[in-house]
Amino acid sequence: MEEHVRICHFRNHYELTRKNFMVKNLKRFRKQLERESGRTEASKCDFFPKTFELPAEYHLFVEEFRRNPGITWIMKPVARSQGRGIFLFRRLKDITDWRKDGGRPDEQREDIPVENYVAQRYIENPYLIGGRKFDLRIYVLVTSYVPLKAWLYRDGFARFSNTRFTLSSIDDQYIHLTNVAVQKTAPDYDPEKGCKWMMQQLRQFLTARHGPETVEVLFSNMDDIIIKSLQSVQKIIINDKHCFELYGYDILLDQDLKPWLLEVNASPSLTASSQDDHELKCRLLEDVLHVVDMEGRLTGREKRVGGFDLMWNEGAVSREGAQSDTLSHGEFVANTHLGCVNDRKRQLQQVLKAARKP
């Protein structure tokens, strides 16, 4: 390929974006951290629910299921999207089909292999706003894995369910699945109102309720989730200077404001469900192309391009002017501004103007 050509996926991007591979790599990375740095450091990877791949790990799952009777689990097909094939359960007989297909000898299996699922412990205590469950969609742009270079987008959104949360009805997808593709089919869905909050709106709400320091810690914890998930696949992703990846991270908050990684999307939806959503995604695509920089206009030293902030460049990137940050107390402050006020247009003009200078 010619020097300016770029492709929007790494060759084996599925190592992070398929649900079973993501969990496998995170478990391996956690064990590696425990060997090299001890349990305290490894515990920083405890941001994904206990998960088993079925049918391969069915017997391990049964042991865990019987140790914790009565809790709710969620089944997800490893390679589907938009909430398709997902259901909740509390009884083993609800997943008998997967056990049987996984336990039969090869010569007795059908020509079409059983679809792989993950069985994941359901977060039964999600953080609620107005009695409704929500999760976060966060955009991360990776332009290189060797060295690892990742950019965090300032904009994003919270996706709300259309029905008040309860565990008394685990079969109601409008309660438990926040995917827009699911929620827009609800009988009382209002397309004008939609089911999203912009990230700035959510951050302002949380700050008003819990205070700026608590929210700063929460968003810092989400930064850690992003970096550690990327590090978990850094050594196995096939790096290529012609490739980049725009990931859509789905993160859920529980009532203790602990963030949980649900999944990472390789091709996050760019379909707009409202005017705000349309404007966000147009800005996102424009800024992706500026960062990828096929024209070679950037210097390579930029910490911010449009709505993207460089969060990792083979090491954490410090925030400009961090010494004056009242929350830092003289400590390192990461160059991330998720949900902060975004003056991207003016900043982008400054970056491109500086890049044109001889």
Side-chain angles (χ1 to χ4, degrees), residues 8 81-83 126-141 151-165 174-175 177-210 212 215 218-219 222-223 226 246-253 259 262-292 304-309 311 336-349 351:
C8 63
S81 60
Q82 298 184 325
Y127 190 98
L128 305 178
I129 296 179
R132 289 168 172 79
K133 176 183 173 181
F134 65 94
D135 69 0
L136 308 181
R137 167 57 58 86
I138 298 171
Y139 296 105
V140 177
L141 177 63
W151 301 75
L152 177 64
Y153 205 54
R154 293 188 174 205
D155 292 334
F157 50 83
R159 305 179 299 184
F160 284 81
S161 62
N162 205 50
T163 307
R164 295 179 69 87
F165 182 80
Y174 300 126
I175 295 174
L177 303 185
T178 60
N179 309 70
V180 175
V182 172
Q183 293 299 323
K184 69 181 183 182
T185 65
D188 55 346
Y189 176 75
D190 183 352
E192 292 294 325
K193 185 179 178 182
C195 55
K196 293 180 180 177
W197 275 12
M198 293 298 104
M199 192 65 73
Q200 290 89 344
Q201 185 179 1
L202 177 70
R203 184 161 188 156
Q204 289 170 3
F205 175 89
L206 293 174
T207 300
R209 175 174 284 188
H210 301 285
V215 173
L218 165 63
F219 278 72
M222 291 194 287
D223 292 347
I226 293 166
L246 176 65
Y247 293 113
Y249 274 71
D250 290 345
I251 291 178
L252 177 76
L253 308 183
L262 301 182
E263 64 177 305
V264 182
N265 297 274
S267 299
S269 171
L270 297 174
T271 302
S273 58
S274 67
Q275 184 60 34
D276 286 344
D277 203 27
H278 175 81
E279 293 172 2
L280 183 156
K281 287 170 179 174
C282 286
R283 294 194 302 266
L284 173 68
L285 287 175
E286 182 182 359
D287 291 345
V288 165
L289 293 175
H290 283 305
V291 174
V292 171
R304 181 184 175 191
V305 177
F308 277 107
D309 295 296
M311 68 182 308
T336 54
H337 302 80
L338 180 63
C340 295
V341 175
N342 188 358
D343 55 342
R344 70 173 273 285
K345 188 172 183 179
R346 181 171 60 86
Q347 190 277 341
L348 190 57
Q349 290 171 343
V351 167

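Please read these numbers as outputs of a predicted model, since none were measured by experiment. Scope of the values below: all heavy atoms of this structure, side chains included, with no hydrogens, waters or symmetry mates.
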Note to self: Using side-chain heavy atoms (C-beta onward) and a distance below 4.5 Å, is Leu338 in contact with Arg154?
What the structure shows: no
Checklist line | Minimum-distance pair of heavy atoms, taken over all atoms of Gly307 and Asp287 | finding: N-OD2, 2.9 Å
Check: Hey, does Phe160 have a side-chain heavy atom less than 4.5 Å from the side chain of Ile129?
Finding: yes
Check: Can we call the ring centroids of Phe134 and Trp197 under 6.0 Å apart?
Finding: no
Checklist line | For the student: nearest non-hydrogen atoms of Leu206 and Leu253, plus distance | finding: CD1-CD1, 4.3 Å
Checklist line | CG-CG distance between Leu270 and Leu285, expressed to the nearest 0.5 angstrom | finding: 5.0 Å
Check: Closest heavy-atom contact between Arg132 and Asn162?
Finding: NE-O, 3.6 Å
Notebook entry, point to check: Once you round to the nearest 0.5 Å, how far does CG of Leu177 lie from CG of Asp135?
Noted result: 10.0 Å
Check: Do the side chain of Arg159 and the main chain of Ser161 share a donor and acceptor less than 3.5 angstrom apart?
Finding: no
Next item on the list: State which residues pass side chain to side chain donor-acceptor pair (under 3.5 Å) with Thr163; sequence neighbours excluded, sorted by chain then number.
Entry: none
Notebook entry, point to check: About how many Å separate OG of Ser274 and NZ of Lys196, when rounded to the nearest 0.5 Å?
Noted result: 6.5 Å
Check: At their closest point, which heavy atom of Gly248 faces which heavy atom of Arg137, and how far apart are they?
Finding: CA-CD, 3.7 Å
Checklist line | Reported SG-to-CZ distance for the pair Cys340 and Phe219, which is rounded to 0.5 angstrom | finding: 8.0 Å
Next item on the list: Hey, could you give me the NE2/CZ distance between His278 and Arg283, rounded to the nearest 0.5 Å?
Entry: 10.5 Å
Notebook entry, point to check: Got a second to check how far Tyr139's OH is from Asn265's CG, nearest 0.5 Å?
Noted result: 9.5 Å
Next item on the list: With sequence neighbours left out, write down each residue that passes side chain to side chain donor-acceptor pair (under 3.5 Å) with Asp276, or none if nothing qualifies.
Entry: none
Note to self: Contact between Tyr153 and Ile138 at the side-chain level, heavy atoms closer than 4.5 Å - yes or no?
What the structure shows: no
Next item on the list: List the steps, then state whether side chain to side chain contact (heavy atoms under 4.5 Å, CB included) holds for Met222 with Leu136.
Entry: CA-CA 10 Å; Met222 291 194 287; Leu136 308 181; 3.6 Å; yes
Check: Is there a side-chain contact between Asp277 and Val180, using heavy atoms and a 4.5 Å cut-off?
Finding: no
Note to self: Ignoring hydrogens, what is the shortest heavy-atom contact between His290 and Val305? Give both atom names and the distance.
What the structure shows: CB-CG1, 3.8 Å
Check: Is the closest side-chain heavy-atom distance between Thr178 and Asp250 below 4.5 Å?
Finding: no
Next item on the list: Could you tell me whether a side-chain N or O of Ser269 sits under 3.5 Å from a main-chain N or O of Thr271, the two making a donor and an acceptor?
Entry: yes
Check: Any idea which heavy atoms bring Val264 and Tyr249 closest together, and the distance?
Finding: CG2-CE2, 3.7 Å
Item checked: His210, NE2: over 12 other non-hydrogen atoms inside 6.0 angstrom -> yes
Margin query: Hydrogens and angles aside, do Glu279 and Gln275 bring a side-chain donor and acceptor to less than 3.5 Å of each other?
Written below: yes
Checklist line | The single option from Gln200, Met199, Gln204 passing side-chain contact (heavy atoms from CB on, under 4.5 Å) against Leu202 | finding: Met199
Item checked: Aromatic plane relationship, Trp151 with Phe308 - under 30° parallel, 30 to 60° tilted, over 60° perpendicular -> perpendicular
Next item on the list: State, with a plain yes or no, whether a side-chain heavy atom of Asp155 is found less than 4.5 Å away from one of Met198.
Entry: no
